[in-house]
Amino acid sequence: MTTMALFTAIIITMILALVSFWFPAMTPDTEKLSPYECGFDPSGSARLPFSMRFFLVAILFLLFDLEIALLLPTPWASQLTTPLTPLFFSALIISLLALGLIYEWMQGGLEWAE
């Protein structure tokens, strides 16, 4: 049964790969050749540097977004026979993130305007 499914998946993959080589887009449009596929003509250079504050806020967002992923199993871990260990580590993660947020706030990293 497993070999039949694997064989079928390989055959379908090979058929789709061959079809994609047989029917390529031979005449691309000018919209498809532009940097933006919607046909928008760029008014400036796409190579302008971003502000460091933008990257800092983006990294902070990712950090706090990952915090949610780390704390997601906490309700299930609290039902273990020793629930204090996962709750301790959850509290440790939250306190470290709170200290990091306070540090960034005191350094002025969260302010958009000077």
Side-chain angles (χ1 to χ4, degrees):
M1 186 71 176
T2 305
T3 57
M4 181 75 159
L6 184 63
F7 182 71
T8 305
I10 289 172
I11 293 295
I12 290 174
T13 304
M14 292 176 82
I15 289 172
L16 289 175
L18 288 174
V19 167
S20 71
F21 283 117
W22 280 338
F23 299 117
M26 292 296 184
T27 55
D29 297 337
T30 56
E31 286 85 14
K32 290 289 184 182
L33 293 175
S34 69
Y36 303 101
E37 289 187 7
C38 63
F40 171 72
D41 291 328
S43 59
S45 174
R47 304 278 185 225
L48 294 176
F50 284 106
S51 170
M52 283 304 284
R53 292 195 186 272
F54 173 78
F55 286 115
L56 178 65
V57 171
I59 288 172
L60 285 174
F61 174 76
L62 287 175
L63 179 71
F64 284 101
D65 197 32
L66 287 175
E67 170 212 358
I68 295 170
L70 288 173
L71 295 177
L72 188 62
T74 304
W76 290 279
S78 65
Q79 297 175 3
L80 294 173
T81 57
T82 58
L84 291 179
T85 305
L87 293 177
F88 170 74
F89 284 121
S90 298
L92 183 67
I93 290 172
I94 290 173
S95 61
L96 283 175
L97 286 171
L99 287 173
L101 181 64
I102 291 169
Y103 177 75
E104 284 295 327
W105 197 338
M106 298 302 263
Q107 294 294 320
L110 300 176
E111 297 176 9
W112 285 105
E114 307 253 343

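Quick note: numbers below take in every heavy atom, side chains included, and nothing from hydrogens, waters or symmetry partners.
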List in chain and number order the residues that pass side chain to side chain contact (heavy atoms under 4.5 Å, CB included) with I102, two or more places apart in sequence or in another chain; answer none if no residue qualifies. M106
Distance, nearest 0.5 Å, that separates CG of L6 from CD1 of I11: 10.5 Å
Can you tell me how far CD1 of I15 sits from CG of L18, rounded to the nearest 0.5 angstrom? 8.0 Å
Given a cutoff of under 4.5 Å between side-chain heavy atoms of I, L, V, M, F, W and Y, with clusters grown through shared members, what are the other residues clustered with [X]?
X	result
L99	none
M4	none
F88	F89, L92, L96
L84	none

Distance-only donor-acceptor hits, side chain of residues 61-77, under 3.5 Å, sequence neighbours excluded:
| from | atom 1 | to | atom 2 | distance (Å) |
| --- | --- | --- | --- | --- |
| T74 | OG1 | L71 | O | 2.9 |
| T74 | OG1 | S90 | OG | 3.0 |

